[in-house]
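Written out below as C-alpha cells is the structure these notes cover.
All figures in this text were calculated on a predicted structure; none of them were measured in a lab.
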Amino acid sequence: MTDRAPEDWTAAEQALWQAFRLGRIHDLRSGEAAEDDPFGEAVWGPGRTVRARVLARLLLDGPPAVPGRVASLKLTGALVTGPLDLAGGTIGHYVELHDCRFDQKILISEAEAGTLRFINCLIPRLEASRLATSGDLHLARCRIRQGVRLTDARIGTDLLINQAVLGGDRFGRALSADGIAVSQDCEADRLEAEGEVSLRTARIGGRLSLRGARLRAVPGNRNALNAVRITVGHTLYLSGSTDGGWYGSQTYYGSGYGEVPPPDAPSTPFRAFGQVRLSDGRFENACLLSDAEFHLDDGDEVALRRIQTPELRLTCRFPGGGTVSLSRARIGNLVDAPGSWPREGAVGLTGFTYECLRPAVPFPIRERIGWLERSSVEFQPESYEQLAAALRRDGADDDAREVLYAKQRRRRQTLPLPARIWGRIQDVTVGYGFRPGRAALWMLLAWALGSIYFATHPPQPLKADERPHWNPVLYALGQLLPVVDLGQKGWNPGGTAQWVASGLVIVGWVLATTVAAGATRMLQRV
C-alpha cells in the first residue's frame, strides 16, 4: 500500500492521512471559541471538512504506520459529511474524535473495535447494535438528536455517556441498549434524554450511574427509564450530582468532579419525568434512589417489583402522584424517610421482604404504620408481620406491638358486622391484648362498681349459723380474682347479686389474662 494519500483527497484529508500514520491529533479548529463550537451557528467551510468515506478508508483499510509510531485516528474540530458506515467492519485502530460535527448518522453495528471515543460531538444518530469493543466506548458531552442504538452491544471496559444530550427516535427512545453487556462501569451522569432510556436485560459488571441525569418521557412512550431484568455488579445510582467540578470540565469523559465539595454544596438531583421500571433487577451492592425527583402522572409508577439488593436507599421526592411498587422485592437494609414515599399515590408492598430498617431521618411509628396502610386497598397481614419482625430484630418491641395492634384494627374493617362489633369491644376493653394497661383500668373500674354494689346489697351467708366478717371491697376483688382467697368465700349471693358476681368473675378472667400476658412481655424485654 502506498504511503501517500489519494490525489483526489482535499488538503485537510491528505493532512489527516499523514496524521493517522503518525498517530497524531489532526486539529482543524480556528482557535475562536464561538467559531469552534460544534453546536453553534458558525459555518465550517471546506478547510474544516472531511468526508465520512475518508474516515472509513483510514479505519478499515488505512495506510501503515510510520516506523516507530502507532497509527490511530485522532481528529478535532472537523465537519464530517456523509454517513460514516463501519457496520460489520473490524476497526483495529484507536479512534478519538473531539468537537466534530457529523451531518449524517454513524453506523457501526456488528463492528469490532478497540476503544472508540466521540467527545463533544454533534451527531444526528448513532447505530451501534451488536457492536463489540475490547476497550471503552465514550460519548461524553455529545449531542445526538435522533438517539443511540446499542442493542446487544458488548463493551470490553467502560461505557461513558456523561453530559450527553440525546433526542428520541421514531419509537420515542433516546437510548436503546437492551441486552447490552458492559464489563466495568456504565456512567451516564448529567445525561439529558428526551425519550426512553432502555436498558432491559442489560448486564453491567461495575456501577451504573445516572447521577444528576434528567430523563423525560415523550408522548406515546411513558417510560423515562426502562431497565427491567437488569444486573448490576456493584451499585445503581439514581441520585444527585454535586455541581462543583462539572461546568467547564476539560476532562475527556466529562466525569471530573474537581476538588471534593463540602457536604452542603449545591447539587443537581436525578430527575425522571415519566415511569421508571427496574423490576426483576439485581444490584449486588446497593440500589440508591437518593436526592432524586420522580415526576409521575396518574397511572405512572416507579416499579421495583422483585428486585434483589443488600441495600435499597429511597430518599427521594415525588412532586406529583404515581405509585411505588416493591411487591415481592427482597432487600437487606431499607434506608428511607417519611417524605420518601408518594403522599397522594399508593405503595405496593405485597410480599415485600427486608431485614433491617435504617431510616435516614427519624421515622415515627405512626407514620410507618400509615406507610403500610397506603400500600393497598385490601388488607395484607403479611406486610404488618414483616414490619413488626424487622422492628423486633432492632430491639424496638414497643413499636412492633404498635404495628401488630394496627394490624388487628385494620383486619376488623374486613370482617362481617357481628365480628366487627366484637372486635370493637376487644379494642376498647383490652386493645386486642396489646394494651394491658387499659385492661388494668377496666379491672379497677369493675372493682369499684362491684364494691359499691355489694356495699349496698350485701349477700346472705352460705350457712345461717356462720356469719363471717363482711367486706364488700374484698368480696368484689375476690370475684375479679377467683383464684385468690381473700376470706370472703362464705357468702351466697342471689338474684341480681348473683348475676353481678358472675359478671365480675367473667370480666376478671378475661382482663386478668390480658394483664398477665402484658406483664410477661414486659419481663421478656428486661
Side-chain angles (χ1 to χ4, degrees), residues 235-236 238 278-290 292 301-316 318 323-343 345-414 431-436 517-518 520-526:
T235 302
L236 169 65
L238 302 186
L278 300 172
S279 299
D280 298 293
R282 293 179 63 93
F283 311 97
E284 300 298 334
N285 186 65
C287 178
L288 307 183
L289 282 65
S290 57
E301 66 176 0
V302 175
L304 302 169
R305 298 184 186 89
R306 299 176 296 278
I307 68 167
Q308 298 182 42
T309 182
E311 179 168 309
L312 172 63
R313 182 177 292 270
L314 196 71
T315 53
C316 47
F318 292 85
T323 301
V324 174
S325 178
L326 280 158
S327 299
R328 297 180 178 83
R330 297 172 60 186
I331 306 299
N333 294 332
L334 175 61
V335 182
D336 63 349
S340 300
W341 304 91
R343 291 292 181 182
V347 181
L349 300 176
T350 303
F352 175 38
T353 60
Y354 44 93
E355 294 296 323
C356 301
L357 293 170
R358 297 290 181 264
V361 298
F363 204 141
I365 190 60
R366 296 311 308 169
E367 293 194 45
R368 182 68 77 180
I369 292 171
W371 166 67
L372 280 186
E373 292 177 346
R374 294 199 308 274
S375 66
S376 175
V377 294
E378 298 180 356
F379 172 60
Q380 297 176 339
E382 67 273 14
S383 298
Y384 293 83
E385 296 289 346
Q386 169 66 39
L387 177 55
L391 291 168
R392 280 195 295 266
R393 281 192 291 270
D394 286 341
D397 290 338
D398 289 339
D399 288 347
R401 291 175 60 232
E402 286 291 330
V403 172
L404 295 177
Y405 179 37
K407 168 192 164 186
Q408 294 296 335
R409 302 185 77 177
R410 179 74 182 272
R411 174 179 175 271
R412 186 176 72 220
Q413 301 173 12
T414 68
Y432 290 101
F434 295 102
R435 295 289 187 271
T520 301
R521 281 192 290 267
M522 290 291 292
L523 291 173
Q524 288 175 344
R525 293 198 299 271
V526 175

Hey, is the main chain of [Y] close enough, under 3.5 Å, to the side chain of [X] for a donor-acceptor pair?
X      : Y      : value
Glu402 : Arg366 : no
Arg393 : Glu355 : yes
Ser340 : Leu314 : yes

Can you see which heavy atom on [X] is nearest to which on [Y], and at what distance?
X      : Y      : answer
Ser279 : Leu304 : OG-N, 4.3 Å
Cys316 : Ala292 : CB-O, 3.2 Å
Ala406 : Tyr384 : C-CE2, 4.1 Å

Self-check item: Sequence-distant partners of Asp394, side-chain hydrogen bond (donor to acceptor under 3.5 Å, both in side chains), two or more places apart
Solution: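 Arg358.
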[atom1]/[X] to [atom2]/[Y] distance, rounded to the nearest 0.5 angstrom?
X      : Y      : atom1 : atom2 : result
Trp341 : Thr315 : CH2   : OG1   : 11.0 Å
Leu391 : Arg368 : CG    : CZ    : 7.5 Å
Ser290 : Leu312 : OG    : CG    : 10.0 Å

Exercise. For the pair Phe352 and Trp371, name the ring-plane relationship: parallel under 30°, tilted 30 to 60°, perpendicular over 60°.
Key: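 Answer is perpendicular, since the angle exceeds 60°.
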Quiz item: Is the shortest distance from a Lys or Arg side-chain nitrogen in Lys407 or Glu385 to a carboxylate oxygen in the other one below 4.0 Å?
Solution: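 Yes, Lys407 and Glu385 are salt-bridged.
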Quiz item: With a 3.5 Å cut-off and no angle check, do the side chains of Ser327 and Arg305 form a donor-acceptor pair?
Solution: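 There is no such pair (donor and acceptor under 3.5 Å, judged by atom type) between the side chains of Ser327 and Arg305.
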Quiz prompt | Partner of Glu382 by side chain to side chain contact (heavy atoms under 4.5 Å, CB included), out of Thr353, Leu349, Leu387, Thr350 | solution =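 Of Thr353, Leu349, Leu387, Thr350, side chain to side chain contact (heavy atoms under 4.5 Å, CB included) with Glu382 is met by Thr350 alone.
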Practice problem: With side chain to side chain contact (heavy atoms under 4.5 Å, CB included) as the test, would you mind laying out the steps for Leu357 and Phe363 before giving the verdict? | Solution: CA-CA 10 Å; Leu357 293 170; Phe363 204 141; over 6 Å; no
Quiz item: side chain to side chain contact (heavy atoms under 4.5 Å, CB included) between Ile331 and Ile307: does it pass, once the steps are laid out?
Solution: CA-CA 8 Å; Ile331 306 299; Ile307 68 167; 4.0 Å; yes
Exercise. Just do the side chain to side chain contact (heavy atoms under 4.5 Å, CB included) check on Val347 and Leu326 with the steps written out, would you?
Key: CA-CA 8 Å; Val347 181; Leu326 280 158; 5.6 Å; no
Quiz prompt | Contact list for residues 306-316, test salt bridge (charged side-chain N to carboxylate O under 4.0 Å, His left out), sequence neighbours left out | solution =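 Pairs touching residues 306-316 that pass the test: Asp280-Arg306, Glu311-Arg313.
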Quiz item: Passes side chain to side chain contact (heavy atoms under 4.5 Å, CB included), Thr309 versus Leu236? Steps please.
Solution: CA-CA 10 Å; Thr309 182; Leu236 169 65; over 6 Å; no
